[in-house]
Amino acid sequence: WLETEKANTYHAKFASWWKIPDEVFLLHATCERETAEKALNEMHIAVREVKRVLGTAPSTPVNVALLKDSKQYGSYAAGNETKGRPPIEISGRSSIHHAFMAEVWFDSALGKHKGAGVGYWDSTSANGNSFGPFSARYAAAIGILEQIDPSPKAIEKALKDPTKFNLDDFYKEKRLPAWLRDGICGYAERWIIDSTIKQDGNPKWIREWARDNLINKGGLRPIKKIFTDEVSVDRVDDSLRLLYERGLVVAFLVDSDIDDLKAKHFELKQKFRAGEDIRSTAKSIERLIIRHEQELRKFAGL
């Protein structure tokens, strides 16, 4: 079933908000029902791919918001002070890519943090329809990671006083390092194998398209930079390239045939599922990927 959401102040300014409950997702969407249902199919792909990386899946429905076009997407992210609609992000990542984390989207009535990924799917143009699935998968991966790797202390403080929300504290509380968090989302978006392609087709078309995109951005830089650089709204092009690179690194982690890397990936999944500290394992993975840079470039066709 579908029902129009009327209560939430954040949503009231848009013409039509749909809430689509699903076994895994609660999709809040302003796009048409047909588009929203297509998006859910893409989001389930993201669940599968996140599970490949971390060995676990969400235990309760994940919030995702999907706007009908880029204009609504930007407006929803930034808010509108004149109309009394607050922003739902602080990091500004909506200006870098076509999905972002709604860091300060709170349900004041329920006293909960939505923990939602936000994307858009413009079904009115061929280009919008082409990029919609990518945005939906990225937004879904963001929401999935927020559920399985939350920031309870930062959120508890913000629920008591929203003015005390601290972005640095929010992300420092995560178990996953920034490169891996971004990489998982980027992998689910653009470095996956298309399992729907028939025998005579090319299941690697998404990955090859992503490779060409990365080449157009300047190609793959020295691998160490992927782990040490930061995403910044002050460097949009460089940050977008970094997101592409991080997605590739995670694809290499899950699909390479390098025995020592496969062993560390298995260790990562075991520790993450058990709720253990993964920092040492993540550092080991970084070192191994740097060591195997040539294999990574060959894997990507770069």
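Numbers here simply count residues along the sequence, with the first being 1. Every value quoted in this text rests on a predicted model; they were computed, and no experiment measured them.
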Side-chain donor/acceptor of [X] to backbone N/O of [Y], under 3.5 Å:
X	Y	value
S151	A154	no
E103	L167	no
S256	F252	yes
S94	G74	no
S75	K71	no
S135	G132	no

Minimum heavy-atom distance [X]-[Y], with the two atoms named:
X	Y	result
V118	A139	C-CB, 3.7 Å
H113	A102	NE2-O, 3.7 Å
A78	P87	O-CB, 3.2 Å
C31	L66	SG-CD2, 3.7 Å

Going by ring-ring contact (aromatic ring centres under 6.0 Å, His included), name the residues that satisfy it together with [X], two or more places apart in sequence or in a different chain.
X	value
F272	none
Y73	F100, Y120
F134	W209
H292	none

Notebook entry, point to check: Under 30°, 30 to 60°, or over 60°: which ring-plane class applies to H97 and Y138, parallel, tilted or perpendicular?
Noted result: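 Perpendicular: the ring planes of H97 and Y138 meet at over 60°.
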Next item on the list: Determine the interplanar angle of the F25 and H44 rings, folded into 0 to 90°, and report it as parallel if under 30°, tilted if 30 to 60°, perpendicular if over 60°.
Entry: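 Aromatic pair F25/H44 classed perpendicular.
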Check: For K38, what residues pass the side-chain contact (heavy atoms from CB on, under 4.5 Å) criterion, not counting sequence neighbours?
Finding: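 Expected list: E34, W121.
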Just to verify, what does [X] make a salt bridge (Lys or Arg N to Asp or Glu O under 4.0 Å) with, not counting sequence neighbours?
X	value
D237	K217
E89	none
K283	E286

With hydrophobic residues grouped by side-chain heavy-atom distances under 4.5 Å, do [X] and [Y] end up in a single group?
X	Y	result
V233	V104	yes
F266	L268	no
I290	L248	yes
L253	I193	no

Let me check something: any side-chain donor-acceptor pairs from residues 58-65 under 3.5 Å, sequence neighbours excluded? List them with distances.
{"unit_1": "T60", "atom_1": "OG1", "unit_2": "Q147", "atom_2": "NE2", "d": "3.2"}
{"unit_1": "N63", "atom_1": "OD1", "unit_2": "H28", "atom_2": "NE2", "d": "2.8"}
{"unit_1": "N63", "atom_1": "ND2", "unit_2": "K114", "atom_2": "O", "d": "3.2"}

Checklist line | side-chain hydrogen bond (donor to acceptor under 3.5 Å, both in side chains) between T30 and K68, worked out | finding: CA-CA 5 Å; T30 61; K68 70 176 184 178; over 6 Å; no
Notebook entry, point to check: Taking everything shown except R279 itself, do over 12 heavy atoms lie less than 6.0 Å from its CZ?
Noted result: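 No, not enclosed.
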Margin query: Would you say NZ of K157 has more than 12 non-hydrogen atoms from neighbouring residues, nucleotides or ligands within 6.0 angstrom?
Written below: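 It does not: K157 NZ has 12 such atoms or fewer within range.
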Note to self: Determine whether R137 and I192 satisfy the following criterion, side chain to side chain contact (heavy atoms under 4.5 Å, CB included), listing intermediate values before the conclusion.
What the structure shows: CA-CA 11 Å; R137 290 196 298 270; I192 57 174; 3.8 Å; yes
Margin query: What I'd like to find out is whether the side chain of I45 reaches to under 4.5 Å of the side chain of N41, using heavy atoms alone.
Written below: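 When only atoms from C-beta onward are counted, N41 and I45 do not touch, as no gap falls below 4.5 Å.
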Item checked: Polar side chain donor-acceptor pair, S239 to R93, under 3.5 angstrom ->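 No, no side-chain donor-acceptor pair sits under 3.5 Å.
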Note to self: We want to know whether S125 and N127 form a side-chain donor-acceptor pair, criterion being a heavy-atom distance below 3.5 angstrom.
What the structure shows: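 Side chains of S125 and N127: no pair found under 3.5 Å.
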Check: Between I215 and R211, is a side chain to side chain contact (heavy atoms under 4.5 Å, CB included) present by the stated rule, with each step listed?
Finding: CA-CA 6 Å; I215 291 171; R211 175 203 61 202; 4.2 Å; yes
Notebook entry, point to check: Do the charged groups of D149 and R181 touch, with an N to O distance under 4.0 Å?
Noted result: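 Yes.
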Next item on the list: Run the salt-bridge test on E156 and K153 with the 4.0 Å N-O cut-off and return the result as yes or no.
Entry: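 No.
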For residues 199-206, dump all side-chain donor-acceptor pairs below 3.5 Å to protein atoms at least two apart in sequence or in another chain.
{"unit_1": "N202", "atom_1": "OD1", "unit_2": "K204", "atom_2": "N", "d": "3.1"}
{"unit_1": "N202", "atom_1": "ND2", "unit_2": "E208", "atom_2": "OE1", "d": "3.0"}
{"unit_1": "W205", "atom_1": "NE1", "unit_2": "D194", "atom_2": "OD2", "d": "2.8"}

Check: side chain to side chain donor-acceptor pair (under 3.5 Å): which pairs involve residues 224-234, sequence neighbours left out?
Finding: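 Sorted pair list: R221-D229.
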Check: What residue among H265, R52, K262 forms side chain to side chain donor-acceptor pair (under 3.5 Å) with D255?
Finding: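 Output: one option passes, namely R52.
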Margin query: Going by ring pair (Phe, Tyr, Trp, His ring centres under 6.0 Å), name the pairs with one or both residues in residues 173-196, residues two or more places apart or in two chains.
Written below: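 Non-adjacent pairs meeting ring pair (Phe, Tyr, Trp, His ring centres under 6.0 Å): W179-F227.
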Notebook entry, point to check: Can you list the steps and then say if I226 with I223 is a side chain to side chain contact (heavy atoms under 4.5 Å, CB included)?
Noted result: CA-CA 5 Å; I226 298 173; I223 305 303; 4.1 Å; yes
Next item on the list: Determine, stepwise, if the pair V231 / L243 fulfils side chain to side chain contact (heavy atoms under 4.5 Å, CB included).
Entry: CA-CA 8 Å; V231 175; L243 295 177; 3.8 Å; yes
